[in-house]
Amino acid sequence: MVNEELSHIFSDVADILEIKNENPFRIRAYRRAAQIMEDLPDDAGVMLADGRLKQVPGIGKDLYTRIEEYIHTGRMAVHDELLQEFPQGVLDILAIPGVGPKTAKLLFETYGIDSVEKLGASAESGALQGIKGFKEKTIANILKGIALKKSIQGRFPLGTALPIGEMIIQELGKVRGVRSLELAGSIRRRKETVGDIDILVVSDEPGPLMDAFVRLKDIERVLSHGPTRSSAILKNTHLQVDVRVVEKDSLGAALAYFTGSKTHNIKLREIAVKKGYKLNEYGVFDMNGRKIAGATEEDVYDILGLQFVPPEIREDQGEIEMALERNLPRLIGLADIRGDVHMHTVASDGNSTVGQMALSAQALGYAYIAITDHSQSLGVAHGLTPQRLELEIREIEAFNRTGARIKVLSGMEVDILADGSLDMDSGMLGRLDIVIGSIHSGFRQSKEQITGRMIRAMETGLVDCIGHPSGRLIGERDAYDADWDAVFSAAQKYRVAMEINSYPLRLDLTDTMIKKARSKGLKFMITTDSHDPKQMRYMNYGVSVARRGWLEKDDVVNTQEFKHFTGWLKGDR
DNA sequence: GCCGTTTTCGGCCCGACTGTTTTCAGTCG
C-alpha cells in the first residue's frame, strides 16, 4: 500500500534529518507527514489524481511534490540522498530503545558502527568502553534494547491490549491510597492496534503505588521507576506499560494530554497559546501562571472554547474544527445497540445452540438476535445445506414460541462465491429474515474480479448486509484489493448495509473505510460474529470502531427497535 | 517544511527519567 510506503519514507527522512541535527520544525513536518500518510482516508495515488491531496493540511508544496514524485517514479530523491549519508543500518540502530539521534550519529561517524549487529558485537566485546558518555549501564542498556527490539515486532491488536490494561487497572486498584485509575493513550482512543498501555493514577500514596506496579507478577523488566512515572515490559506479550501518578486536580489535563493523539494535542496547545494560556499535563494556566482548569477533561476543552471531544475521534481529522463550532456528531454508544445480528451455532462452526445463544443475548439486554450460520460451500465450517437450513428455521420458530422475551430472526451468512453468485438457492434465502453475504474464499482475485463479485452479490436483491467487507485480519491478512468507491456506490444503489464486524482481529470495516462508506450514505450493522456466547461481549469493540468512524445512532440499523429493524429488512429502507 | 481575519516572515508544545554530568544532555512520550 503506497500510503504505508510513504509513511515509512517520511519517517526515515525525519530520522536522518534528526541525526543530522537539522531544523527541528522541518523534522516535525516530515514526522507529521508520516502520520498523515498513515491516516489518509484513501490511497495517496487516488487522492493525488482527484486533487484531494492538495487539500490535506500539513502537506504543503514541497511534501506534495515529493509524494507526486514517489507515486510517479517509485522513488523519492531526498530519501535516496539521505540514505547515502546515513545507511539503513544507522536507522535500525536509532530504533533501539534508549538510542537516540545523538548516539546513533556518534557511533556511526566516529566509530563506523552502521548496523545493529555491529553495535551488538561492539557492546559485547567492550569496544564501546571509553567512549564519552558510555559506561557500563549505558552499554548494558543498549544490549537490553537490542534484545527487546528483537522480541517486540510492531503493535498489538486492541483485543489483546485492552483486556490486559483492564486487568492491570484492577490489580493496581487494590493498592492502598489509590483513588482512581484510567487507561489513556491509543488504547483509550480505541485504535485497532496499540503500541503500549498508558495508565493514569490518582493516589494519596504515589510511592507505594509505583512500587506495587513494578512488582506486579506479570512484569518481566522494569524500564524506569520514578516517583510519578514508571515503565515496564510485561511477560509473554512484551507489551510496555507506562504508569503515571497525577494530582486529582490535574487528572483532566493529564487524561487529555496522555490520551492524545499527538497531533490533536498540538492543536489544543496552539489554541491555548492563541488565547494567552499554557496547556500542559497539569492544567490550563493563564498568563500569570494561575491554573484555570485541569480537574476534568470537560473543563479543559471548555476553557479552550471547545465542545468535549470523545477520545475515539481525537485524531486531528477535523474534530477540533467541529468542536470549535460546537458541531460534533453525537457518537453511537454501546447502549444504543438493540440486537446482535450475526452469530453462529453448533449447526455450522459455533459451539452453542440457538436457545443458548438467544438466552445469553437476552441476559445482555438485547431485544433480538439473528442466527446466521454458514452456507454449504464453507465445508470447514459445516456450512448448511438447504435441508439443514430448513431444520434450523424450524428450530428458531420453536424457540420463538417458548415465550422468551428476546426475538430470534432466521438468517444466514451466505458465501459470495467466486463468480458473485450466492451459495444458497434464492427461494430459501427469500424465506429468511436476514441475509449477510460474505467472502470466505478467493481472496487473491484481481481488483476487478473482487469488485465485480461483491457488486453482483448485491444485485441479486437477496443480501441485506455485506459481512466483514474488507476481509482483513489484523496483523495476518490485508484487505481485499477492491474498488471500494464502486462497491460502496453499489451498496448505496441496492440499499445494502455494511457490517462492522466486532471480532477483535477483524474490526471490519475499518474506521477510515466507515467514514468513506458513510459519506456515500450507507447504513451499517454492528455485529459480533459470535461463535460462543462469551464472544457477544466483543460488541464494544465494534461500537468503538463505529465511533472512530464518526457514526451516530441513526447510521446503524441494529440500533432500531425490533419492529423497525424487521421493517428495514423487509424493504423499508 | 508548514502556515496565515494581527503575519508571505517568523513563528512553530512540554515535562519526567536516566546516566553520568558536579549542573546537564539525551531520550522518550
Side-chain angles (χ1 to χ4, degrees), chain A residues 10 13-15 17-19 21-36 54-67 78 93-107 128-142 144-145 148 184-187 194-200 206 210 214 222-232 240-247 250 253-254 256-285 294 304 316:
Chain A
F10 284 141
V13 170
D15 282 345
L17 292 176
E18 202 161 10
I19 291 172
N21 202 18
E22 279 260 0
N23 175 358
F25 299 105
R26 190 174 169 222
I27 295 165
R28 184 194 293 173
Y30 275 103
R31 285 226 186 283
R32 185 149 175 248
Q35 186 66 49
I36 290 167
K54 262 207 167 72
Q55 315 296 327
V56 175
I59 303 299
K61 200 163 137 274
D62 283 36
L63 287 170
Y64 180 86
T65 310
R66 303 216 192 297
I67 294 169
V78 65
I93 289 173
L94 187 62
I96 296 169
V99 178
K102 298 287 191 291
T103 308
K105 182 181 171 134
L106 175 78
L107 290 170
L128 297 181
Q129 295 278 3
I131 297 180
K132 182 172 162 290
F134 280 75
K135 290 208 167 175
E136 271 175 24
K137 277 208 164 171
T138 305
I139 293 168
N141 276 338
I142 286 177
K144 279 186 201 164
L148 190 66
S186 51
I187 216 171
V194 302
D196 61 10
I197 297 175
D198 292 300
I199 296 174
L200 297 184
M210 285 302 178
V214 300
V222 177
L223 297 175
S224 65
H225 179 190
T228 67
R229 187 188 142 184
S230 298
S231 294
Q240 179 171 332
V241 185
D242 294 341
V243 178
R244 295 175 176 82
V245 174
V246 300
E247 295 291 332
S250 293
Y257 181 83
F258 290 112
T259 296
S261 66
K262 195 165 250 180
T263 48
H264 179 91
N265 281 350
I266 287 174
K267 280 243 172 106
L268 287 188
R269 290 194 177 204
E270 284 168 1
I271 290 170
V273 168
K274 282 197 188 108
K275 286 184 173 290
Y277 302 150
K278 186 177 74 163
L279 169 64
N280 59 25
E281 59 262 53
Y282 299 107
V284 184
F285 299 86
L304 297 179
D316 189 21

To the nearest angstrom, the CD-C1' distance between A/E18 and B/dG26 comes to 11 Å

Residues in residues 272-282 of chain A with a heavy atom under 4.0 Å of DNA chain B, by number, are A/K278, A/L279, A/N280, A/E281, A/Y282

When rounded to whole Å, the NZ to C1' distance for the pair A/K61 and B/dG4 reads 17 Å

Side-chain atoms of A/K135 come closest, of B/dT21, B/dC13, B/dG26, to B/dT21

Residues passing the ring pair (Phe, Tyr, Trp, His ring centres under 6.0 Å) test with A/Y257, sequence neighbours excluded, are none

As its Watson-Crick or G-U partner within any shown strand, both distances under 3.5 Å, B/dT8 has none

A/R269 has its side chain closest, among B/dC13, B/dG29, B/dC17, to B/dC13

Side chain to side chain contact (heavy atoms under 4.5 Å, CB included) filter on A/S261, not counting sequence neighbours, yields A/R189, A/T263, A/H264, A/E315

Of the listed B/dT27, B/dG29, B/dC12, the closest approach to the A/K102 side chain comes from B/dT27

Against the side chain of A/Y257, the closest entry in B/dG29, B/dC12, B/dA16 is B/dG29

message: Using OP1 and OP2 only, check whether a side-chain N or O of A/S224 sits under 4.0 Å from B/dC28.
response: no

query = Think A/R31 has a side-chain N or O under 4.0 angstrom from the OP1 or OP2 of B/dG1?
reply = no

